[in-house]
Amino acid sequence: MFCEKAIELIRELQRAADGQLPAFNEDGIRQVLEEMKALYEQNQTDVNEAKSDGRTDLIPTIKFRHCCLLRNKRCILAYLYDRLLRIRSLRWEYGSVLPSRIRFHFAAEELEWFNQYKKSLATYMKSIGGEGGLDITQDMKPPKSLFIEVRCLKDYGEYEIDDGTTVLLKKNSQHFMPRWKCEQLIRQGILEHVLS
């Protein structure tokens with residue numbers, strides 16, 4: 001049936017929870033593109049026949065197929081754009097290094113786009129805020145206190161704080177650290193905020 005595969009792509013994204021990225025459906029995209037190619041070829045044949053033989057009875061069919069082509073195009077673009085928005089939000093949530101379980105769902109082109117976005121964001125952050133730049137990915141929510149208590153979820157090794165102090169982050173160890181130094185590690189799943 002017309003446009004069903006394209007609509008299924010959109011439904012697939014709707015079924016995924018917010019912040020989740022389903023695997024790229026290359027097979028579904030290919031099927032929609034094949035359907036579009038078939039519709040286009042049928043339209044070309046009918047347009048040529050309508051022009052040469054003067055068959056005006058083919059015009060409604062041609063218009064219908066053309067509307068199906070446009071709908072398929074809009075669905076594919078919506079699918080790809082929604083995925084890009086989700087990938088962009090993953091950069092803000094996890095930082096520049098994504099866990100492999102998330103990267104596994106990317107298409108090669110999406111991974112390339114993510115790397116370009118990451119570079120553009122890094123260039124922008126270096127250009128603002130003086131010599132060292134300004135990390136705008138920190139403090140996504142206004143902090144209530146400057147220091148927080150954190151628990152290490154996995155062995156990470158030594159971690160240096162700006163005042164020169166090094167902290168050994170071992171599994172299940174707890175530390176009282178500056179919030180802005182911990183946020184990236186919390187997003188990466190290395191630390192967790194201990195709430196009293």
Side-chain angles (χ1 to χ4, degrees), residues 1-125 136-137 140-141 153-154 183-190 192:
M1 199 69 182
F2 295 107
C3 303
E4 282 186 5
K5 292 172 185 158
I7 293 171
E8 184 56 36
L9 288 173
I10 303 298
R11 286 190 183 129
E12 180 182 303
L13 284 177
Q14 286 179 332
R15 283 191 294 263
D18 284 342
Q20 296 295 320
L21 186 70
F24 185 75
N25 192 344
E26 190 173 344
D27 188 47
I29 294 280
R30 187 168 60 290
Q31 288 175 359
V32 173
L33 292 174
E34 287 171 0
E35 178 184 326
M36 290 175 72
K37 182 179 177 185
L39 288 170
Y40 179 78
E41 289 170 353
Q42 289 171 346
N43 261 7
Q44 282 298 106
T45 304
D46 285 354
V47 165
N48 291 337
E49 191 176 326
K51 280 183 180 179
S52 63
D53 299 343
R55 291 192 53 197
T56 58
D57 60 316
L58 292 175
I59 292 175
T61 306
I62 293 169
K63 286 183 178 182
F64 175 73
R65 283 194 205 115
H66 185 71
C67 288
C68 290
L69 278 169
L70 293 176
R71 184 178 182 118
N72 278 342
K73 177 180 151 185
R74 283 193 311 269
C75 287
I76 285 180
L77 289 174
Y79 177 80
L80 295 174
Y81 183 68
D82 187 79
R83 287 185 63 84
L84 286 183
L85 291 179
R86 289 175 190 228
I87 291 169
R88 183 177 68 183
S89 70
L90 289 173
R91 166 57 182 97
W92 286 84
E93 184 178 339
Y94 290 99
S96 59
V97 179
L98 292 177
S100 59
R101 63 181 167 77
I102 293 176
R103 255 184 296 135
F104 177 73
H105 296 296
F106 284 20
E109 294 80 8
E110 290 175 327
L111 191 57
E112 184 180 327
W113 185 88
F114 176 79
N115 289 331
Q116 287 292 47
Y117 180 72
K118 183 172 64 172
K119 287 177 188 174
S120 297
L121 187 61
T123 303
Y124 174 71
M125 289 190 298
I136 59 177
T137 61
M140 298 305 285
K141 295 177 186 168
L153 299 176
K154 34 179 130 163
E183 280 196 342
Q184 197 71 27
L185 294 173
I186 290 171
R187 280 190 237 132
Q188 291 175 0
I190 296 167
E192 74 173 343

Self-check item: CD on Glu49 to CG on Leu58, rounded to 0.5 Å
Solution: 5.5 Å
Quiz item: Shortest non-hydrogen contact from Phe114 to Gly95?
Solution: CZ-O, 4.1 Å
Quiz item: Under the ring pair (Phe, Tyr, Trp, His ring centres under 6.0 Å) rule, what pairs show up with a residue in residues 45-77, not counting sequence neighbours?
Solution: Phe2-Phe64
Quiz item: Do Asn115 and Leu111 pass the side-chain contact (heavy atoms from CB on, under 4.5 Å) test, and can you show the C-alpha distance, the side-chain angles, and the key distance before you say yes or no?
Solution: CA-CA 6 Å; Asn115 289 331; Leu111 191 57; 4.2 Å; yes
Quiz item: Roughly how far, to the nearest 0.5 Å, is CD of Gln188 from CG of Leu98?
Solution: 9.5 Å
Quiz item: Is Glu112 atom CD crowded by more than 12 heavy atoms from other residues, nucleotides or ligands, each under 6.0 Å away?
Solution: no
Exercise. Please test Glu183 against Arg187 for side-chain contact (heavy atoms from CB on, under 4.5 Å), starting from the C-alpha separation and ending with a verdict.
Key: CA-CA 6 Å; Glu183 280 196 342; Arg187 280 190 237 132; 3.7 Å; yes
Quiz item: Can you find a side-chain donor-acceptor pair between Asp27 and Gln31 that sits under 3.5 Å?
Solution: yes
Under 3.5 Å, sequence neighbours excluded: what are the donor-acceptor pairs made by side chains of residues 69-79?
from, atom 1, to, atom 2, distance (Å)
Asn72, ND2, Glu35, OE2, 3.2
Tyr79, OH, Asn25, N, 3.0

Quiz item: Looking only at heavy atoms, what is the nearest atom pair of Gly189 and Leu153, with distance?
Solution: O-CD1, 3.6 Å
Quiz item: If you take all heavy atoms of Arg83 and His105, which pair is closest and at what distance?
Solution: NH2-O, 3.0 Å
Self-check item: Arg88 side chain reached by Trp113 side chain, heavy atoms, under 4.5 Å
Solution: yes
Quiz item: Can a salt bridge be assigned to the pair Arg30 and Glu26 using a cut-off of 4.0 Å between side-chain N and carboxylate O?
Solution: no
Quiz item: After noting the C-alpha distance and the side-chain angles of Leu84 and Tyr117, does the key distance pass the side-chain contact (heavy atoms from CB on, under 4.5 Å) rule?
Solution: CA-CA 10 Å; Leu84 286 183; Tyr117 180 72; over 6 Å; no
Quiz prompt | Which residues share a salt bridge (charged side-chain N to carboxylate O under 4.0 Å, His left out) with Arg11, sequence neighbours left out | solution = none
Exercise. Measure the spacing between CG of Leu39 and SG of Cys3 and express it to the nearest 0.5 Å.
Key: 7.5 Å
Exercise. Kindly give the heavy-atom pair with the smallest separation between Glu110 and Ala107, and that separation in Å.
Key: OE1-N, 2.9 Å
Self-check item: N/O donor-acceptor pair under 3.5 Å between Arg55 side chain and Asp46 backbone
Solution: no
Exercise. Taking Arg86 for its side chain and Leu21 for its backbone only, find out whether a donor-acceptor pair lies under 3.5 Å.
Key: no
Quiz item: Rounded to the nearest 0.5 Å, how far apart are CD of Glu8 and CD of Glu4?
Solution: 9.0 Å
